[in-house]
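Below: one structure, written as structure tokens.
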Amino acid sequence: MTMQVLARPWGAMHIRVDGPSDGPTVVFANSLGTDLHLWDAVLPRLQGVRVVRFDKPGHGLSDLPRDPASVSIAALADDAAALIEAVCSGPVVFVGLSIGGMIGQQLAASRPDLVRGLVVANSAVQMGTADSWNTRIAAVEADGIESIADAVMERWFAPAFRATPELSIWRNMLVRTPRAGYVAACHALAAADLTARAGAIAVPTAVIAGQLDGAAPPDIVAATAALIDGATYTVMPGVGHIPPVEAPAAFADILNAFLAEVRP
Ligand SMILES: O=C(O)CCC(=O)CC(=O)O
């Protein structure tokens, strides 16, 4: 493992590369208010792959752009493309969760040369409404992320997981996200409608939903899967919005099966 930085026009993007240098490469994209540790429990369960992760602008250890309004799904997909071009030797399997899944849809549609397979987890072509995002942005700007954290935990995790001590770790990750980074990503989500992009995806795609996901409920995830030619659709029972944390073994099983299918 080496901690690395990719210089982007907006600042330093924190990236991390793990695993064998000659294995097929999987790139992971995190959700709103999380950093690249989102995938920690999944990594040891993947077989023989090189793993590349990154923190979005204003999240984790990455810089916040001087102009947060420059953060959009298209700009985030450009960051992912630059990362793949910089550290990967060929097309990758791209796994994105929630806003990360939107980045994956955008990337697979616009840069199919970089994506061999796509996993869209707990995501859709559109999540929430502009009004719901504006309400959330106003609350965070007025009172901080702490003020919305309990409601977010209810969307992220099923009741059984919320009763465990591990909940604190993920709640801490959320509330320690820089406010401006969180708000910038909310603006990107408010503006996102990838309906036309999803229809243009031509790489093998697996779409995953969490049965109890309160942020990307299974019905909108299924509707997105139906837009992507040939996509498979799996609902993970009993889990919420963040299955790599709540059910890492089951999530890794789905990934390993997909990796076996798309292996060159
Ligand atoms: O998780 C994301 O990337 C965006 C969807 C969302 O609203 C998650 C949450 O409940 O905070």
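Both counts, for ligands and for their atoms, begin at 1 and track the order of listing. Because the structure is a prediction, the values reported are computed rather than measured.
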- Item | Atom pair CG (N30) and CZ (R53), whose distance is rounded to the nearest 0.5 Å | 8.5 Å

- For ligand 1, would you mind listing the residues that have at least one heavy atom less than 4.0 Å away, ordered by chain and number? S31, L32, S98, I99, W133, R136, V152, R155, W156, Y182, L189, A215, H241

- What pairs of residues pass the side chain to side chain donor-acceptor pair (under 3.5 Å) test when at least one of them lies in residues 221-238, not counting sequence neighbours? none

- Passes side-chain hydrogen bond (donor to acceptor under 3.5 Å, both in side chains), T135 versus S132? Steps please. CA-CA 5 Å; T135 301; S132 67; over 6 Å; no

- Residues which pass salt bridge (Lys or Arg N to Asp or Glu O under 4.0 Å) with E146, listed by chain and number, not counting sequence neighbours: R171

- Task: List for me each residue that meets salt bridge (Lys or Arg N to Asp or Glu O under 4.0 Å) alongside D79, sequence neighbours excluded, and say none if there are none.
- Result: R8

- Message: Any carboxylate oxygen within less than 4.0 angstrom of a Lys/Arg side-chain nitrogen, looking at R162 and E246?
- Response: no

